[in-house]
Number of protein chains: 2
Amino acid sequence: MSKRGSSELECFVLGLVWQLGPISAYDVRAHMRRSPSTQWSGSAGAIYPLMSRLHRRHWLAATRESVGRRRRTRYRITAAGRRALRAWIGPPFSPDVMTVSYDPLRSRARFLGALSPRERQRWIQGAEAALHHIEALIRTWHDEHARGSDGFRALLTIHGQLETRARRAWLRRVAEFVAS
Amino acid sequence: MSKRGSSELECFVLGLVWQLGPISAYDVRAHMRRSPSTQWSGSAGAIYPLMSRLHRRHWLAATRESVGRRRRTRYRITAAGRRALRAWIGPPFSPDVMTVSYDPLRSRARFLGALSPRERQRWIQGAEAALHHIEALIRTWHDEHARGSDGFRALLTIHGQLETRARRAWLRRVAEFVAS
DNA sequence: GGCGGCATGTAAATGGTTACATGATTAC
DNA sequence: GTAATCATGTAACCATTTACATGCCGCC
């Protein structure tokens, strides 16, 4: 266990290795880039050092293999890693889990008063289109990656659908207010 | 307009100054710390340099005043700042707006398979309690800061309520799956 | 022979964070 | 007089990001 806490990304990757391992950093990156979320870019500069860190912390075990002249490092989670993962999953939950999540549309809507009435109307339409686009992203992701996997991953799709529905309901309230 | 894009936090603060200005960096921080979101800490190390930057960019105008020996810098938004704010609000929306938002509970639920059935039950209960806690945060914030302000701020409360309701509905689905 | 995908990494910049520091003012 | 709050800032640190770099392999 390290002195300073682990980041959200570190523990998320730890979870991915638990779920998909043995897995290479390259494949973790590929997996993350397919995600409909832009929370993390899955950049090499983040993932490679991160997985080395987890390895040094003995939360991951590494096996280097070579196919021809091509090398590859595959990681598996260790017993200590599983303990760390369970601690992160909770309960108890860290303060960052106990908050409203960040919605960039909400942040922008807060300042809708800075737009003209016409621009506000256009904003509502744009936001509707954005939600439509997001739903399409979720559907695509579901069809390509969640079907046939464990039920916990199918629940990610449900989450996205319910969340988008809530944002749409909220958007209708915004539209009503703007129209009044 | 700066060469590299502005950060989400920069534009959010720009919006706050538009909404609450003339306002000091100190009061922006106070405002942010009251928020039920932990997206940003509102730390001095973030806000003071940020507002200086916006000032140098001529998106904010500053007036220094002194009450007795105590100095204070009050910022107002400029015409250029309002243009930048409107551009940020959109439409069009930047890619980061067009995504599902990040929910730490969802990320953790994804790995619920790493827990024992008993622990999963406890997780569900903990998550329910967390959502309850979040609803209380929102209610408190609403009573103290949104009542009596413009309708756009009241819509923040609605957003929080609808979002929490969606997360709770999702959590029931998780519970059903875990129980099965 | 070249292009795209596999696989691993590093370098520099960025935009935050925590912690520290200072001094004035108000409330008790 | 002392504790809390007002008000402003800096220093050190950190986890990310983008961009760059290398070399191998399979395919056409």
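Chain letters run A, B, ... following the sequence lines, proteins first, then strands; residues in each count from 1. Reckoned from all heavy atoms, side chains included, excluding hydrogens, waters and symmetry mates. For clarity, every value in this text was computed on a predicted model and none was experimentally measured.
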- Can you list the steps and then say if B:Trp40 with B:Phe12 is a ring pair (Phe, Tyr, Trp, His ring centres under 6.0 Å)? CA-CA 11 Å; B:Trp40 296 298; B:Phe12 182 75; 5.3 Å; yes

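Salt-bridge check for A:Glu10 with A:Arg53: passed, with a basic side-chain N closer than 4.0 Å to an acidic carboxylate O. Residues B:Glu163 and B:Arg168 are not paired through a salt bridge, judged by the lack of any N-O separation under 4.0 Å between the basic side chain and the carboxylate. A salt bridge does not link B:Arg139 with B:Glu144: every distance from a Lys NZ or Arg NE/NH1/NH2 to an Asp or Glu carboxylate oxygen is 4.0 Å or more. A salt bridge links B:Glu65 with B:Arg74: the closest approach of a Lys/Arg side-chain nitrogen to an acidic carboxylate oxygen falls below 4.0 angstrom.
Counting any heavy atom pair closer than 4.0 Å across all strands shown, B:Arg71 reaches sugar-phosphate atoms only and no base atom. Note on A:Ser43: a base of the nucleic acid sits closer than 4.0 angstrom, heavy atoms only.
You'll find the ring centres of A:Phe152 and B:Phe111 outside the 6.0 Å limit.
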- Note on the structure: Counting primed atoms, P, OP1 and OP2 as sugar-phosphate and everything else as base, the B/S/- map of nucleotides 23-28 of chain D against protein heavy atoms under 4.0 Å is -BS---

Kindly list each side-chain donor-acceptor pair under 3.5 angstrom involving residues 18-25 of chain B, sequence neighbours excluded, with atom names and distances?
residue: B:Gln19; atom: NE2; partner: A:Arg110; partner atom: O; Å: 3.1
residue: B:Ser24; atom: OG; partner: B:Asp27; partner atom: N; Å: 3.1
residue: B:Ser24; atom: OG; partner: B:Asp27; partner atom: OD2; Å: 3.2

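Regarding B:Arg74, its CZ atom lies at a distance of 15 Å from the C1' atom of D:dT8, rounded to whole Å. Put simply, CD on B:Glu65 is 14 Å from C1' on D:dT8, counting in whole angstrom units. When rounded to the nearest whole Å, the span between CG of B:Asp27 and P of D:dT5 equals 15 Å. Rounded to an integer number of Å, the gap from B:Arg53 CZ to D:dG9 C1' is 14 Å. Atoms CD1 (B:Ile47) and P (D:dA7) sit 16 Å apart, rounded to a whole Å. Computed from coordinates, the B:Met51 CE to C:dG15 C1' distance equals 17 Å when rounded to whole Å. Rounded to an integer number of Å, the gap from OH of B:Tyr48 to P of C:dG16 is 17 Å. Taking atom CD of B:Glu8 as the reference point, atom C1' of C:dG16 lies 14 Å away to the nearest angstrom.
Candidate nucleotides C:dT8, D:dT8, D:dT17 were compared by shortest atom distance to the side chain of A:Ser24, and C:dT8 ranks first. Picking from D:dT5, C:dT18, C:dA7 the nucleotide with the shortest atom distance to the side chain of B:Ser41 gives C:dT18.
When each of A:Ser7 and A:Ala44 is assigned the nucleotide of DNA chain D bearing its nearest heavy atom, the one mapping closer to the 5' terminus is A:Ser7. Closest-nucleotide positions on DNA chain D for B:Arg72 and A:Glu10 were compared, and the one nearer the 5' end corresponds to B:Arg72.
Between A:Tyr26 and C:dT8 there is no side-chain polar atom (N or O) within less than 4.0 angstrom of OP1 or OP2.
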